[in-house]
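Report on the following structure.
Since the model is a prediction, treat every value here as computed from it, not as a measurement.
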Amino acid sequence: KPRLTQLLSDFDRFISLLESSGRPVLLMLVPEHGASLRGDKMQISGMREIPGPRVTLVPTAIKLIGLPHPAGATGAAPAGQPSAQTGPVIVSKPTSYFDLFTLVNNLMQDNPYRPGATPLAGRVAQLQGTRFVAENADVVVMHDDNGQYLLKSGTDAWIPYTN
């Protein structure tokens, strides 16, 4: 808990510094991978040899700093017009680097800081989502249509990945 508290405090201080610059900034936090802190039936905690969900499913954050906030914005807008962004947008569908870079490309093509720009929630809603597949030099882990994770090592057969 102390390390998490310090990390979040550092992020808060960094974001405050960016906000105080008065410049528009797109801040992205993308971890390399998780650490499998809890472990599972296939891999002990702290290891990363198998790219299982506890290692590869990591939170990512994007923050648009310096967006204009119209006076009296409540999140509601007249019919046919985008609403003002009033809080975080949570993405609950599976996404990947491809989706993340699609979103960044969209933000670069259609400036989110211009008046009347599409709000972040509208842009996120357009993302296609990506099916879970993670691999390293020898192991592939994927999520099938039945909601189960499968593992394949080298030329071996696919086996259920047990969390």
- [ ] Would you give the length of the straight line joining atom CG of Leu26 to atom CG of Leu107, rounded to the nearest 0.5 angstrom?
- [x] 6.0 Å

Open item on the list: Show, in sequence, the C-alpha distance, side-chain angles and deciding distance for Thr130 and Tyr97, and conclude whether the side-chain contact (heavy atoms from CB on, under 4.5 Å) test is met.
Closed with: CA-CA 9 Å; Thr130 305; Tyr97 288 119; over 6 Å; no

Open item on the list: Within the 4.5 Å heavy-atom criterion, are Asp156 and Leu151 side-chain neighbours or not?
Closed with: no

Task: Side-chain donor/acceptor of Asp144 to backbone N/O of Asn146, under 3.5 Å - done: yes

Open item on the list: How close do Tyr113 and Ile65 get, counting heavy atoms only, and between which atoms?
Closed with: OH-O, 3.1 Å

- [ ] Look only at the side chain of Arg131 and the backbone of His143, and say whether a donor-acceptor pair between them is shorter than 3.5 Å.
- [x] yes

Open item on the list: Would the distance check show the side chain of Gln43 and the main-chain N or O of Glu49 forming a donor-acceptor pair, the cut-off being under 3.5 Å?
Closed with: yes

- [ ] Hey, could you give me the CD1/CG distance between Ile15 and Leu27, rounded to the nearest 0.5 Å?
- [x] 5.5 Å

Task: Nearest atoms (heavy-atom pairs only) where Pro160 meets Leu150 - done: CA-CD2, 4.0 Å

Task: Side chain proximity check, Leu67 to Pro24, heavy atoms < 4.5 angstrom - done: no

Open item on the list: I need the Arg13 CZ to Gln6 CD distance, nearest 0.5 Å.
Closed with: 6.0 Å

TODO: Please check if the side chain of Lys152 supplies one atom and the backbone of Met142 the other of a donor-acceptor pair under 3.5 Å.
DONE: no

Open item on the list: Nearest 0.5 Å, please: how far is OG1 in Thr155 from CG in Asp138?
Closed with: 8.5 Å

Task: Spacing of CG belonging to Asn105 relative to CG belonging to Asp110, to within rounding of 0.5 Å - done: 11.0 Å

Task: Pairing of Asp99 and Lys93 as salt bridge, 4.0 angstrom limit - done: no

- [ ] Evaluate the side-chain proximity of Leu100 to Ile62: yes if any heavy-atom separation is below 4.5 Å, no if none is.
- [x] yes

Open item on the list: Parallel, tilted or perpendicular, judged at 30° and 60°: which one describes the rings of Tyr149 and Tyr161?
Closed with: perpendicular

- [ ] Working to the nearest 0.5 Å, report the span between OG1 of Thr5 and CG of Asp10.
- [x] 11.0 Å

- [ ] Taking the side chain as every heavy atom from C-beta outward, state whether Met42 and Ile159 have any pair of such atoms under 4.5 Å apart.
- [x] yes

Task: CZ (Arg3) with more than 12 external heavy atoms under 6.0 Å - done: no

